[in-house]
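Structure record follows, encoded as C-alpha cells.
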Amino acid sequence: MHQDCIFCKIAAGEIPAKMIYEDDQVVAFLDINPVAPVHVLVIPKKHIANLMDTQPEDLALLGHAMLVIKQIASQLGLSDDGFRVVVNTKHNGGQTVPHLHWHVLGGRFMNWPPG
C-alpha cells in the first residue's frame, strides 16, 4: 500500500466507499462522480500506478480483474445491452488517480469516439 494513494486507502477500508464487490485481489465500488447511470471502479488491492507499470507477474491479477468485471456487469444488469470498460493511463490518457483502475460504464448508449 502506498500511504498517499486514495485507492489504496479505499481498498484497505481506511476511506469509506460504496463497495459492490471485494475479494483478496480486487475491490469494486461506485464512482463518486458518475458519468453514466452505472459507473463502477474496479481496482487491484496491489498498488500499481498505471497500466504501463504492470509486470509479467501481474498477469493472473489482470485476468482476474476482467472476470470480476464480467461478474459485476451481470450483477448490475449490464450484460444484455452492453457496457464499456475504460482504463485511463497517465496524464494524456486522462488518469487522475495514480492507481490502476477500470471504469465500468453502462446503463445508456456509449458514444464513439469517447472524447
Side-chain angles (χ1 to χ4, degrees):
M1 179 171 110
H2 280 37
Q3 289 183 335
D4 295 333
C5 176
I6 189 169
F7 282 178
C8 284
K9 290 178 181 181
I10 290 172
E14 296 175 13
I15 294 177
K18 293 182 182 177
M19 294 288 184
I20 62 166
Y21 180 88
E22 181 174 8
D23 64 26
D24 61 329
Q25 297 180 69
V26 299
V27 297
F29 52 93
L30 299 179
D31 193 297
I32 61 170
N33 294 308
V35 298
V38 176
H39 189 166
V40 174
L41 298 177
V42 178
I43 67 168
K45 289 184 174 182
K46 174 185 177 181
H47 182 83
I48 302 171
N50 59 63
L51 190 61
M52 296 307 297
D53 285 350
T54 59
Q55 301 298 318
E57 59 266 20
D58 297 320
L59 180 61
L61 171 62
L62 298 171
H64 177 71
M66 290 292 104
L67 292 176
V68 167
I69 289 168
K70 175 186 171 186
Q71 178 182 333
I72 289 168
S74 293
Q75 171 187 328
L76 297 176
L78 301 176
S79 56
D80 286 344
D81 290 335
F83 56 97
R84 179 172 288 164
V85 179
V86 177
V87 179
N88 298 323
T89 305
K90 297 188 177 185
H91 177 74
N92 279 358
Q95 185 177 9
T96 57
V97 177
H99 185 117
L100 177 63
H101 57 285
W102 295 264
H103 295 261
V104 181
L105 306 164
R108 67 168 170 82
F109 181 80
M110 299 290 148
N111 293 311
W112 193 261

*Show your reasoning for whether side chain to side chain contact (heavy atoms under 4.5 Å, CB included) applies to D58 and D53.*
CA-CA 10 Å; D58 297 320; D53 285 350; over 6 Å; no

To the nearest 0.5 Å, what is the distance between [atom1] on [X] and [atom2] on [Y]?
X: K18; Y: F29; atom1: NZ; atom2: CZ; answer: 13.0 Å
X: H91; Y: N50; atom1: NE2; atom2: CG; answer: 13.5 Å
X: H103; Y: D31; atom1: NE2; atom2: CG; answer: 6.5 Å
X: L61; Y: M66; atom1: CG; atom2: CE; answer: 10.0 Å
X: L62; Y: Q55; atom1: CG; atom2: CD; answer: 10.5 Å
X: H39; Y: I32; atom1: NE2; atom2: CD1; answer: 10.5 Å

Looking at every non-hydrogen atom in both residues, tell me the closest pair between [X] and [Y] and how far apart they are.
X: P37; Y: G106; value: CD-O, 3.4 Å
X: A65; Y: V26; value: CB-CG1, 4.4 Å
X: A28; Y: V42; value: CB-CG2, 3.9 Å
X: R84; Y: W112; value: NH2-CE3, 3.4 Å
X: L78; Y: G107; value: CD2-N, 3.6 Å

Check your understanding: So F83 and V38, side chain to side chain contact (heavy atoms under 4.5 Å, CB included) or not? Walk me through it.
Key -> CA-CA 9 Å; F83 56 97; V38 176; over 6 Å; no

Exercise. Within the side chain of K45, is there an N or O that forms a donor-acceptor pair under 3.5 Å with the backbone of D23?
Worked result: yes

Heavy-atom donor-acceptor pair, Q95 side chain to L51 backbone, under 3.5 Å |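 Here the side-chain-to-backbone pair does not exist.
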
- For atom NZ of K90, decide whether the heavy atoms of other residues, nucleotides or ligands shown that lie under 6.0 angstrom number more than 12.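 Not more than 12 within 6.0 Å, no.
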
Can you establish whether the number of heavy atoms outside D4 located under 6.0 Å from its atom CG is more than 12?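 No - once you tally the heavy atoms of other residues, nucleotides and ligands closer than 6.0 Å, there are 12 at most.
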
Between [X] and [Y], is there a shared hydrophobic cluster once you connect ILVMFWY residues whose side-chain heavy atoms come closer than 4.5 Å?
X: V68; Y: V27; answer: no
X: L105; Y: V87; answer: no
X: I69; Y: I48; answer: yes
X: L76; Y: L30; answer: yes
X: V35; Y: M110; answer: yes

_Would you call the rings of H99 and H47 parallel, tilted or perpendicular, taking 30° and 60° as the class edges?_
perpendicular

How about L41 and I10: do any of their side-chain heavy atoms sit closer than 4.5 Å?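 SC-SC contact between L41 and I10 ruled out.
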
### Task
With the side chain counted from C-beta on, respond yes when L100 and F7 share a heavy-atom pair under 4.5 Å apart, and no when they do not.
no

